[in-house]
There are 2 protein chains.
Amino acid sequence: MTTLPVTIDATSPQASCCPPAADAMVDDATAQDLAKVFKALGDPNRVKLFSLITASASGEMCVCDLTGPVGLSQPTVSHHMKLLVEAGLVTREQRGKWAYYQPAIGTLANAAQAFTA
Amino acid sequence: MTTLPVTIDATSPQASCCPPAADAMVDDATAQDLAKVFKALGDPNRVKLFSLITASASGEMCVCDLTGPVGLSQPTVSHHMKLLVEAGLVTREQRGKWAYYQPAIGTLANAAQAFTA
DNA sequence: TCCACACATTGACAGCCTTCGATACATCAA
DNA sequence: TTGATGTATCGAAGGCTGTCAATGTGTGGA
């Protein structure tokens with residue numbers, strides 16, 4: 001599925017109730033990109049993880065400091081962090097044995113502003 | 001809603017790799033509220049629906065004008081709109097036969113600012 | 001009253017997501 | 001090299017999600 005290319009596609013089956021409504025809708029690619037960002041924060045545990053990192057005094061955190069507060073296993077936290085990285089909400093930096101995660105706050109702000117622009 | 005996240009849960013089981021990291025993490029209820037908002041926009045089709053409504057010239061749209069652009073069946077669109085309403089991203093107003101949806105932009109902005117505050 | 005229309009709900013199915021234990025990989029110390 | 005430690009990956013179980021056809025509900029017109 002997911003065929004609709006872009007096309008505003010003003011094919012209202014029955015144009016009866018509202019004005020033509022030639023609205024601007026985000027295209028498929030944009031919708032998927034935005035959904036990816038929001039989906040990454042669509043899980044309470046990932047919200048906690050992201051808040052931990054953004055509120056970190058040092059500006060970065062490693063996995064070993066994240067498993068405790070959220071109460072999840074290390075593989076699960078690693079999985080969640082991967083999703084946050086893929087969404088562009090955090091960046092990963094390997095330093096020795098540890099993997100440090102830093103917030104990329106602009107990503108969320110930009111995504112949210114996609115609707116108000 | 002959106003009570004500023006200020007629950008300090010500094011339960012680091014093993015403080016070995018990083019400084020104590022007395023971070024502020026959002027509490028459970030806040031995390032669930034935020035996740036609910038972001039989860040509602042975690043689907044490409046709901047992103048499209050939300051963008052259609054926010055970009056609407058009249059400031060509101062009915063279901064019959066939404067099914068066409070997203071290419072989904074009427075029950076599916078109705079289902080997605082219900083989720084957006086429950087997340088507080090749009091409001092529903094029944095006027096005669098039609099149900100009009102209006103954007104509540106502040107909800108998304110507030111949710112996004114929960115991390116930068 | 002009856003019918004047509006706009007929308008919501010239900011039931012069902014396929015696919016995805018969250019989570020864990022087990023395991024593999026990478027780095028550092030001895 | 002060997003062992004210990006921090007992370008990532010794999011495989012599986014259970015639950016949740018998106019989608020539709022069919023049906024129900026409420027409104028307005030004839």
Side-chain angles (χ1 to χ4, degrees), chain A residues 1-4 12-19 21 28 31-32 35-36 38-50 53 60-68 70-87 90-102, chain B residues 12-19 21 28 31-32 35-36 38-50 53 60-68 70-87 90-102:
Chain A
M1 44 158 282
T2 58
T3 53
L4 292 212
S12 294
Q14 63 289 7
S16 60
C17 65
C18 309
D28 256 314
Q32 294 219 354
K36 191 174 187 178
F38 293 126
K39 191 174 193 175
L41 289 176
D43 181 273
N45 285 320
R46 284 195 293 270
V47 167
K48 291 183 184 177
L49 291 170
F50 188 58
I53 297 176
E60 61 182 15
M61 294 190 76
C62 62
V63 173
C64 65
D65 278 336
L66 294 170
T67 53
V70 295
L72 294 174
S73 69
Q74 175 268 319
T76 301
V77 170
S78 189
H79 166 69
H80 285 315
M81 293 312 299
K82 184 180 181 182
L83 293 183
L84 290 176
V85 169
E86 288 176 351
V90 302
T91 59
R92 196 184 100 103
E93 183 188 355
Q94 186 88 29
R95 221 150 60 218
K97 281 194 290 187
W98 293 277
Y100 290 91
Y101 291 93
Q102 305 173 339
Chain B
S12 290
Q14 67 288 8
S16 59
C17 64
C18 309
D28 259 311
Q32 293 221 353
K36 191 174 187 178
F38 292 125
K39 192 174 193 176
L41 288 176
D43 181 273
N45 285 321
R46 283 197 293 270
V47 167
K48 291 184 185 177
L49 291 170
F50 189 57
I53 297 176
E60 61 182 14
M61 293 191 77
C62 62
V63 174
C64 65
D65 278 336
L66 295 171
T67 53
V70 295
L72 294 174
S73 70
Q74 174 268 318
T76 301
V77 171
S78 190
H79 166 68
H80 285 316
M81 293 313 300
K82 185 179 181 181
L83 293 183
L84 289 176
V85 169
E86 287 176 352
V90 302
T91 59
R92 195 183 100 102
E93 183 188 354
Q94 186 87 29
R95 218 148 64 217
K97 282 195 287 187
W98 294 278
Y100 290 90
Y101 291 94
Q102 305 173 338

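Chain naming here is simple, since letters A, B, ... match the order of the sequence lines and numbering starts at 1 in each. In this text the structure is predicted, and so the values were computed from the model without any measurement.
Comparing A:Val77 and B:Met81 by the nucleotide of DNA chain C whose heavy atom lies nearest to each, the residue mapping closer to the 5' end is B:Met81.
Distance NZ/B:Lys48 to CG/B:Leu66: 12.5 Å, rounded to 0.5 Å. To the nearest 0.5 Å, atom NE2 of residue A:His80 and atom OG1 of residue A:Thr67 are 12.5 Å apart.
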Could you go over nucleotides 11-13 of chain C and give all protein N or O partners under 3.5 Å, atom names and distances?
none

Please tabulate, one pair per line, each protein N/O and nucleotide N/O from nucleotides 15-19 of chain C that are separated by under 3.5 Å, including the distance.
| unit_1 | atom_1 | unit_2 | atom_2 | d |
| --- | --- | --- | --- | --- |
| C:dC17 | OP1 | A:Lys39 | NZ | 3.2 |
| C:dT18 | OP1 | A:Arg46 | NH1 | 3.2 |
| C:dT18 | OP1 | A:Arg46 | NH2 | 2.6 |
| C:dT18 | OP2 | A:Arg46 | NH1 | 3.4 |
| C:dT19 | OP1 | A:Asn45 | ND2 | 2.7 |
| C:dT19 | OP2 | A:His80 | NE2 | 2.2 |

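The pair B:Arg92-B:Glu60 does not meet the salt-bridge criterion, since no charged nitrogen lies less than 4.0 angstrom from a carboxylate oxygen. Classification of B:Glu86 and B:Lys39 as a salt-bridged pair fails, no side-chain N sitting under 4.0 Å from a carboxylate O.
One interatomic measurement links the two molecules: CH2 of B:Trp98 to C1' of C:dA4, which rounds to 12 Å at whole-angstrom precision. Atoms CG (B:Asp65) and C1' (C:dA6) sit 12 Å apart, rounded to a whole Å. Look at CD on B:Gln94: it is 10 Å from P on D:dG26, rounded to the nearest Å. To the nearest angstrom, P of C:dA29 lies 7 Å from NZ of A:Lys97. Atom CD in B:Glu93 sits roughly 19 Å away from atom P in D:dG26 (whole-Å rounding). Between A:Leu49 atom CG and D:dT7 atom C1' there is a gap of 15 Å when expressed in whole angstrom units.
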Please assess B:Gln102 against B:Ile53 for the test side-chain contact (heavy atoms from CB on, under 4.5 Å), listing each intermediate value before the final yes or no.
CA-CA 7 Å; B:Gln102 305 173 338; B:Ile53 297 176; 5.6 Å; no
Are B:Val85 and B:Thr91 close enough, and set up right, to give a side-chain contact (heavy atoms from CB on, under 4.5 Å), and what steps lead you there?
CA-CA 6 Å; B:Val85 169; B:Thr91 59; over 6 Å; no
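Distances shown here put every side-chain N or O of A:Arg95 at or beyond 4.0 Å from the OP1 or OP2 atom of D:dG6. OP1 or OP2 of D:dA8 has at least one side-chain nitrogen or oxygen of A:Arg92 nearer than 4.0 Å. Of the side-chain N and O atoms in A:Tyr101, one or more sit less than 4.0 angstrom from OP1 or OP2 of D:dA8. At least one side-chain nitrogen or oxygen of B:Lys82 sits closer than 4.0 Å to the OP1 or OP2 atom of C:dT9.
Inter-residue side-chain proximity for A:Leu41 and A:Leu84 is flagged as met; some heavy-atom pair is nearer than 4.5 Å. B:Met81 has its side chain within reach of B:Tyr101: a pair of non-hydrogen atoms, C-beta onward, lies under 4.5 Å apart.
The base of C:dA8 sits with one of its N or O atoms less than 3.5 Å from a complementary donor or acceptor on the side chain of B:Gln74.
Between B:Cys62 and B:Trp98, the closest heavy-atom pair is SG-CD1, 4.3 Å. Between B:Arg46 and B:Ala40, the shortest heavy-atom distance links the atoms NE-O, 2.6 Å.
Of the listed residues (A:Val47, A:Thr76, A:Val77), just one forms a side chain to side chain contact (heavy atoms under 4.5 Å, CB included) with A:Val70, and that residue is A:Val77.
Taking the screw axis at each terminus of the helix from C:dT1-D:dA30 to C:dA30-D:dT1 from five consecutive base pairs, the angle between the two is 20° to within rounding of 10 degrees.
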